[in-house]
Amino acid sequence: MIDSTRTTQHRERYVPAWGPEQFIVPLLDGRIRELFSRYGGRPASAARALDVGCGAQPFRSMIEAAGYSYASVDVVQNANGNVDFIGAIDEPLPIALASEAPYDFLLCTEVLEHVVDWPIAFANLTRLLTPDGRLLATCPHFYPLHEVPYDFWRPTPFALRHFAAKNDLEVEVLEQGGGPWEVLGTLLGEAHAYPSTRRFSDRCLAWLGRQARRALLRVLQSGWLPSRVELRGPYYLSNVAVFRKRVK
């Protein structure tokens, strides 16, 4: 049974914490670091960054090592008590945060699926950015329910492009991360076979299903099969985007 209450609030290191994360987390960790290095890794002096939906701040060291002054916002305080501003990105911004804005770089990773009001959220993200500043955002397209009941969206690239255009954000990168093999691995990470009746034949089939799932999952995790067979289809794990605020 899927544990839909799973949360990423306490992730101090960006590593997989449960079955479905075995594919999406390494993929995002590598891509976030690559894109941050390309679009935000050489800041001007006194540049400032804001980690939106920071949780336990797994990317804080990366941002500070690049030379940014780091600040964070989230809907709740974390266990370390080091979230600077408490508030939701789709509500009126906290007065203290609004007074500190704008920032040169925003990181908003795996947050937007938990944000119910995207028009307000994108307006706030734009408000928080300096002209020519950049927003690096990710959000899943295929992923189990988590942090229920605060799990609202699985957006397409077209949704991200639409809200960016509405808010003076130019798309610099818009990628579909992870393909059909990664989608299958994510599905198998938290899908379990059970007999539909107590009949011996059904129990045997369920046992075979469990063995097949474990075997295929191990093969996918090893990378052996995906490196030899290309699986094609309109399925992917996550949206990865970099936006730049237009200079008026």
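All residue numbers refer to positions in the sequence shown, counting from 1. Computation of the quantities below employed the complete heavy-atom set of this structure, encompassing side-chain atoms and omitting hydrogens, waters and symmetry-equivalent molecules.
For Ser238 against Thr138, the heavy-atom pair with the smallest separation is OG-CB, 4.3 Å. Asn78 and Gln57 make their closest contact through ND2-NE2, 4.0 Å (heavy atoms, listed as atom of the first residue, atom of the second, distance). Between Gln22 and Pro16, the closest heavy-atom pair is NE2-CB, 3.5 Å. Across Arg38 and Arg42, no two heavy atoms sit closer than the pair O-NH2, 3.6 Å. In terms of heavy-atom proximity, Ile32 sits nearest to Leu107 at CG2-CD1, 4.3 Å. Taking each heavy atom of Asp84 and Tyr70 in turn, the nearest pair found is OD2-O, 4.2 Å.
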Please lay out, stage by stage, how Phe36 and Phe105 fare under the test ring pair (Phe, Tyr, Trp, His ring centres under 6.0 Å).
-> CA-CA 9 Å; Phe36 176 76; Phe105 191 91; 5.2 Å; yes
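Taking the side chain as every heavy atom from C-beta outward, Pro144 and Trp18 approach each other to under 4.5 Å. The shortest distance between side-chain heavy atoms of Val52 and Asn124 does not fall below 4.5 Å.
The aromatic rings of Tyr236 and His141 sit parallel to each other, their planes meeting at less than 30°, with 60° as the upper class boundary.
In this structure, Arg154 does not pair ionically with Glu113, as no charged nitrogen and carboxylate oxygen lie closer than 4.0 Å. Between Glu170 and Lys245 there is no salt bridge, since none of the side-chain N atoms of the basic residue sits less than 4.0 Å from a carboxylate O of the acidic one.
Hydrophobic clustering of Ile, Leu, Val, Met, Phe, Trp and Tyr side chains at less than 4.5 Å, counting indirect connections, unites Phe23 with Val229.
Counting Ile, Leu, Val, Met, Phe, Trp and Tyr side chains that sit under 4.5 Å apart, directly or through other members, Val83 shares a hydrophobic cluster with Ile86.
For Tyr235 and Phe142, the ring centers sit 6.0 Å or farther from each other.
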